[in-house]
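Notes for the one structure printed next.
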Amino acid sequence: MVPRYARPEMTALWEPEAKYRIWFEIEAHATSKLAELGVVPQSAADALWNWWETNPEIDVDAIDAIEAVTKHDVIAFLTWVAEHVGEEARFMHQGMTSSDVLDTTLSVQLVRATDILLADMDDLLAALGDLLPADDRWRHRHGTPGHGRSHVMPALVPPYATL
């Protein structure tokens with residue numbers, strides 16, 4: 001993201017620390033389910049969540065250093081978590097692929113980003129609605145001519161029926 005165009009809330013969502021926090025939650029939820037099914041010990045899931053409740057600082061540099069050796073991002077992350085959680089962390093990631101974690105993380109990030117954008121759109125539509133008297137709203141939602149800023153080309157305001 002280009003910092004001057006991005007807001008902190010949106011930028012934070014795509015930072016490595018946020019990504020790793022989502023990775024952990026995916027791994028811990030999967031481990032919890034496996035424990036519920038009797039595939040792994042419940043103590044493994046408990047150890048993960050107990051560590052997580054301490055609100056650990058995610059050391060991106062340490063994970064990057066491990067990745068420089070392992071040449072694998074998810075293995076580096078799992079190794080780093082195991083260094084903090086201990087022996088019980090060996091049950092994390094059972095039956096999963098790296099793509100399971102990466103694809104699910106992207107989905108979570110996209111949903112969260114969409115929530116931010118939708119909240120912004122609600123605020124924008126409310127502000128626009130306040131600018132027009134109620135009887136003028138119908139007239140302006142059917143393509144009021146206006147000038148667009150892109151390449152200094154004239155444009156039409158799209159007909160947004162929700163105004």
Side-chain angles (χ1 to χ4, degrees), residues 1-130 148-151 157-158 160-163:
M1 298 191 135
V2 179
R4 70 176 170 261
Y5 298 126
R7 293 173 316 153
E9 183 181 15
M10 187 65 82
T11 301
L13 180 59
W14 301 97
E15 293 292 329
E17 181 177 346
K19 174 185 73 174
Y20 291 136
R21 287 189 175 280
I22 296 168
W23 283 14
F24 179 84
E25 291 181 9
I26 292 164
E27 294 282 2
H29 281 294
T31 305
S32 292
K33 190 62 179 178
L34 290 174
E36 183 182 312
L37 296 171
V39 176
V40 302
Q42 183 62 48
S43 60
D46 293 343
L48 292 171
W49 288 115
N50 289 340
W51 176 71
W52 195 242
E53 286 176 3
T54 68
N55 194 25
E57 182 178 332
I58 307 296
D59 190 344
V60 175
D61 292 334
I63 297 168
D64 288 347
I66 296 168
E67 184 179 355
V69 174
T70 63
K71 307 291 187 221
H72 196 285
D73 53 354
V74 176
I75 291 173
F77 173 74
L78 295 171
T79 302
W80 179 80
V81 171
E83 290 173 357
H84 297 286
V85 173
E87 186 65 22
E88 296 284 5
R90 74 182 186 277
F91 295 102
M92 269 190 357
H93 202 71
Q94 284 200 15
M96 297 175 69
T97 67
S98 297
S99 292
D100 294 331
V101 176
L102 300 177
D103 294 349
T104 305
T105 298
L106 179 59
S107 294
V108 169
Q109 289 173 307
L110 290 172
V111 167
R112 291 178 183 174
T114 300
D115 288 343
I116 293 168
L117 295 174
L118 288 174
D120 290 346
M121 290 300 298
D122 289 343
D123 292 345
L124 175 63
L125 291 172
L128 289 174
D130 290 344
R149 196 172 75 84
S150 179
H151 303 86
V157 175
Y160 292 108
T162 57
L163 285 180

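- In this structure, the side chain of R90 engages the main chain of E87 through a donor-acceptor pair within 3.5 Å.
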Exercise answer: donor-acceptor pairs, residues 73-82 side-chain atoms, under 3.5 Å, sequence neighbours excluded:
residue, atom, partner, partner atom, Å
T79, OG1, I75, O, 2.7
W80, NE1, H84, NE2, 3.1

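- One finds the OG atom of S99 at 11.5 Å from the CG atom of L106 (value rounded to the nearest 0.5 Å).
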Which donor-acceptor pairs under 3.5 Å do side chains of residues 114-129 form with protein atoms, sequence neighbours excluded?
residue, atom, partner, partner atom, Å
T114, OG1, L110, O, 2.7
D120, OD1, R7, NH1, 3.3
D120, OD2, R7, NH1, 3.1
D120, OD2, R7, NH2, 2.5

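- Interatomic distance, T31 OG1 to Q42 CD, rounded to the nearest 0.5 Å: 10.5 Å.
- The minimum heavy-atom distance between H72 and S98, with the atom names listed, is CE1-OG, 3.0 Å.
- Shown here are the salt bridge (Lys or Arg N to Asp or Glu O under 4.0 Å) partners of E83, two or more places apart in sequence or in another chain: there are none.
- Taking each heavy atom of A45 and A35 in turn, the nearest pair found is CB-CB, 4.2 Å.
- Annotation: side-chain hydrogen bond (donor to acceptor under 3.5 Å, both in side chains) contacts involving residues 9-20, sequence neighbours excluded, comprise E17-R21.
- One N or O on the side chain of T54 and one on the backbone of W51 form a donor-acceptor pair closer than 3.5 Å.
- One distance of note links CD of Q94 with CE of M96; it measures 11.0 Å at 0.5 Å rounding.
- Going from atom CG of N50 over to atom CD of E88 covers 10.5 Å, rounded to the nearest 0.5 Å.
- Judged purely by distance below 3.5 Å, without hydrogens or angles, the side chains of T97 and D100 pair a donor atom with an acceptor atom.
- E53 meets the salt bridge (Lys or Arg N to Asp or Glu O under 4.0 Å) test with no other residue; sequence neighbours excluded.
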Just list the side-chain donor-acceptor pairs under 3.5 Å for residues 22-30, sequence neighbours left out, or say none.
residue, atom, partner, partner atom, Å
W23, NE1, T105, OG1, 3.4
E27, OE1, H93, N, 3.2
E27, OE1, H93, ND1, 3.4
E27, OE2, H93, ND1, 2.7

